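Remember, it's a predicted structure, so these values are computed and weren't measured experimentally. Every heavy atom of this structure was used, including side-chain atoms; hydrogens, water molecules and symmetry mates were not.
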Amino acid sequence: MFIKELKINNFKSFLGERPKIEFNCPDGRKGSGLNIFVGENNTGKSTVFEAIDFLRNNTRKDIEQIKSKNSNGEISVEVKFEGNVENMVDSFSQPNKVAVFKKYIYGNDIQSIKFSRATPEQKAIKLWDDSNLEFKNESGIDAPIKKLFEANFVWADTNPNDQINFGATTICGNLLKEIATGFKETPDYQSFSKAFHETFNSEHSQLRQALKTIEEKTQQIFKEQFGQANITFKFNEIDINSFFKNTNIDIDDGLKTPIEEKGSGMRRAVALAMLQVYAEQISKHHEDEELVKPFFLFIDEPEICLHPRAQKQLFKALLEISKTKQVFLATHSPYFISTNYLNRIGLFIFKSQVGVSEVEKISNGNKLLPWSPTWGEINYKAYDLPTVEFHNELYGRLQELSMKFKINEFETWLIDEGLSKTESWTMEYNGIPKPSQACTLQTFIRNKIHHPENVTMQQVKISETQLKQSIDKMIHILRCHS
């Protein structure tokens, strides 16, 4: 069971009725379950994470903090799950809610179930009735829905120290809590419990003998001042989870030290590794380990604190996870884009138009190039950043379309497409300049890229404005021929 569609209305930068976002789901291949969000800051990438968290867990924030500005409409978040929904409900749902959830499963070839949380009744999750095409309220499912899937979020501003300590709500703490629950029933723990009470509470222990004098003196004073009473010190057995609060992680990377003394990058990497282990543990069915609860991993800017090689290593791990699990990344790093598996990955470009988020999924239907997406194309679409790499790709693609591979013939084709020879290029042979020739801006830039050895033209610079203008013209021609 995977998250197939998300619809966000009036939630932060998603103002008004917004189009649904359709995610990629795992199919057993590397990258197939990976969904990557790319765009400038404040374009809504993290808001998608917050919206899914809002659906599952509601919010402790004031509604005005998450409501779109200049909106009088209701906040709503809708999530559609697809896959083996019925099996997940049977395996992980609260028993008294199985029939309720099953009532709302729809679809023949592919099973689906859709949930919504909206204001002003945001405490209640509603289910989609596909027969009547409306969301319906079923009492008492807000908590049970959490048993159907797990969602773990690593935010950009998460302090790595907060994730690697062993507090009750951290990854490490929850992971060890799972282990501790089962450990209490083992012979080892029973032996420990028996030894604890023999040491601290048995009348024959040395500790009890030492305390007996204190008890007797305290009891005598109490009797004289307040009346007859028996006073005994009793040591309660320490809760097993309390032991883990004093746990430390040591790392030996040539120098064995506590993790707190390592760099932020290593601490964040350990936290992410622990998160993966935790996900595997909590997703297993308590009786059948072959059954795995849906688990979704959301990482905001995974590149933070990680050097390039570590980013590439993390991305390799995420590619493996994405064969069977859905992973969502919001990133600015090229190391999470430069991959041979990019055509399998769900890639989403986030833009902001007057503070309102616009999301474009790069897919087969809107690719500029047969080999799209490329890092140059992503840079241009997401950040309005023109690059010589993207210019090269567009120029080569137009040559391929026109079947004009000689520069003079290709120049004639560009003129026929409405371009003009506005620039002048001076060729060199054996270091000797030849008469200058008029050319299009596209060919001028192409020559500057391909012939940096041309001394005559080295002093002539290409501005970013010229590069963008040339790219825009080529994109226009490409679209006219698509």
Checklist entry - Parallel, tilted or perpendicular for Phe14 and Phe350, by the 30°/60° rule? => result perpendicular
NE2 (His391) and CD (Gln442) are apart, to the nearest 0.5 Å, by 5.5 Å
Rounded to the nearest 0.5 angstrom, the CZ-CG distance for Phe92 and Asn87 is 8.0 Å
Classify the angle between the aromatic ring planes of Phe49 and Phe298 as parallel (below 30°), tilted (30 to 60°) or perpendicular (above 60°).
perpendicular
Next item on the list: Check whether any side-chain heavy atom of Glu138 sits under 4.5 Å from a side-chain heavy atom of Lys103, and report yes or no.
Entry: yes
Rounded to the nearest 0.5 Å, the CG atom of Leu467 sits from the CG atom of Leu441 at a distance of 8.5 Å
Value for NZ (Lys114) from CG (Leu127), rounded to nearest 0.5 Å, stands at 11.5 Å
- Query: More than 12 foreign heavy atoms under 6.0 Å from CG of Asn72: is that the case here?
  - Reply: no
* Do Ser402 and Phe410 come close enough that some side-chain heavy atom pair is under 4.5 Å? -> yes
| said: In the structure I gave you, are the side-chain heavy atoms of Trp128 and Ser116 within less than 4.5 Å of one another anywhere? | reply: no
- Could you label the plane-to-plane angle of the Phe192 and Phe196 rings as parallel, tilted or perpendicular, counting under 30° as parallel and over 60° as perpendicular? tilted
Between Lys45 and the options Phe328, Phe37, Phe348, the side chain to side chain contact (heavy atoms under 4.5 Å, CB included) test singles out Phe37
*asked:* Take a 6.0 Å sphere around NE2 of His481 and say whether it holds more than 12 heavy atoms from other residues, nucleotides or ligands.
replied: yes
Of Ser76, Ser71, Ser68, the one forming a side chain to side chain donor-acceptor pair (under 3.5 Å) with Asn9 is Ser76
Salt-bridged, Lys67 to Glu74, with N to O below 4.0 Å?
no
Exactly one candidate in Val77, Leu55, Val359 meets side chain to side chain contact (heavy atoms under 4.5 Å, CB included) with Leu6; the answer is Val77
What verdict does the side chain to side chain contact (heavy atoms under 4.5 Å, CB included) test give for Leu297 and Leu318, after you've listed the backbone C-alpha separation in whole Å, the side-chain angles of each residue and the deciding distance to 0.1 Å?
CA-CA 10 Å; Leu297 179 58; Leu318 295 175; 4.2 Å; yes
ask   = Is there a side-chain contact between Glu86 and Asp90, using heavy atoms and a 4.5 Å cut-off?
value = yes
As a quick check of understanding, evaluate side chain to side chain donor-acceptor pair (under 3.5 Å) for Asn132 and Glu134, giving each step before the final call. CA-CA 6 Å; Asn132 296 304; Glu134 63 178 351; 4.6 Å; no
Exercise. Report yes or no: does Thr331 contribute a side-chain atom to a donor-acceptor pair with the main-chain N or O of Ser333 at less than 3.5 Å?
Key: yes
Discussion item. For Leu369 and Glu393: C-alpha separation, side-chain torsions, deciding distance, then whether side chain to side chain contact (heavy atoms under 4.5 Å, CB included) applies.
Written reply: CA-CA 8 Å; Leu369 307 165; Glu393 291 166 346; 3.9 Å; yes
- May I ask you to say whether Glu78 pairs ionically with Arg117, meaning some side-chain N is under 4.0 Å from a carboxylate O? no
Only one of Phe115, Phe295, Phe81 passes ring-ring contact (aromatic ring centres under 6.0 Å, His included) with Phe149, and that residue is Phe81
Under 3.5 Å: donor-acceptor pair, side chain of Ser322, backbone of Gly31: yes
Practice item. Answer yes or no on whether Arg29 is positioned over the face of Tyr341, meaning its NZ or CZ is under 6.0 Å from the six-membered ring centre and within 45° of the axis. Key: no
- Salt bridge Lys381-Glu377, side-chain N to carboxylate O under 4.0 Å: yes
Should Glu358 and Arg18 count as an ion pair when the cut-off is N to O under 4.0 Å? yes
### Side-chain H-bond candidate by donor/acceptor type, Ser32 with Asp27, under 3.5 Å
yes
Distance col, row Ile36:CD1 vs Ile362:CD1, nearest 0.5 angstrom, shows 11.0 Å
Side chain to side chain contact (heavy atoms under 4.5 Å, CB included) evaluation trace for Val356 with Ser13: CA-CA 5 Å; Val356 178; Ser13 56; over 6 Å; no
Short question: side chain of Asn10, backbone of Gly16 - any donor-acceptor pair under 3.5 Å?
-> yes
**Message:** Using side-chain heavy atoms (C-beta onward) and a distance below 4.5 Å, is Phe23 in contact with Val48?
**Reply:** yes
Checking Lys4, Lys361, Arg344 against Asn24 for side chain to side chain donor-acceptor pair (under 3.5 Å), the one that qualifies is Lys361
Stepwise, does the ring-ring contact (aromatic ring centres under 6.0 Å, His included) test hold for Phe315 with Tyr335? CA-CA 8 Å; Phe315 186 65; Tyr335 298 103; over 10 Å; no
Here the gap from Trp155 atom CH2 to Ser46 atom OG, rounded to the nearest 0.5 Å, amounts to 6.5 Å
Exercise for review: Could you walk me through whether Leu478 and Arg397 pass side chain to side chain contact (heavy atoms under 4.5 Å, CB included), step by step?
Suggested key: CA-CA 8 Å; Leu478 264 179; Arg397 176 56 179 158; 3.6 Å; yes
Answer yes when Asp384 and Lys468 have at least one side-chain N-carboxylate O distance shorter than 4.0 Å, and no when they do not.
no
inquiry  = Is the shortest side-chain heavy-atom distance between Asp130 and Tyr104 below 4.5 Å?
reply    = no
Stepwise salt bridge (charged side-chain N to carboxylate O under 4.0 Å, His left out) test for Lys80 and Glu82 = CA-CA 7 Å; Lys80 177 183 177 182; Glu82 281 188 359; 3.4 Å; yes
- Query: Counting only heavy atoms not in Lys351, do more than 12 fall under 6.0 Å of its NZ?
  - Reply: yes
Result for side chain to side chain contact (heavy atoms under 4.5 Å, CB included) between Ile345 and one of Leu34, Leu329, Val327 points to Leu34
Quiz item: Just wondering, do Met1 and Asn84 contact through their side chains at under 4.5 Å, heavy atoms?
Solution: no
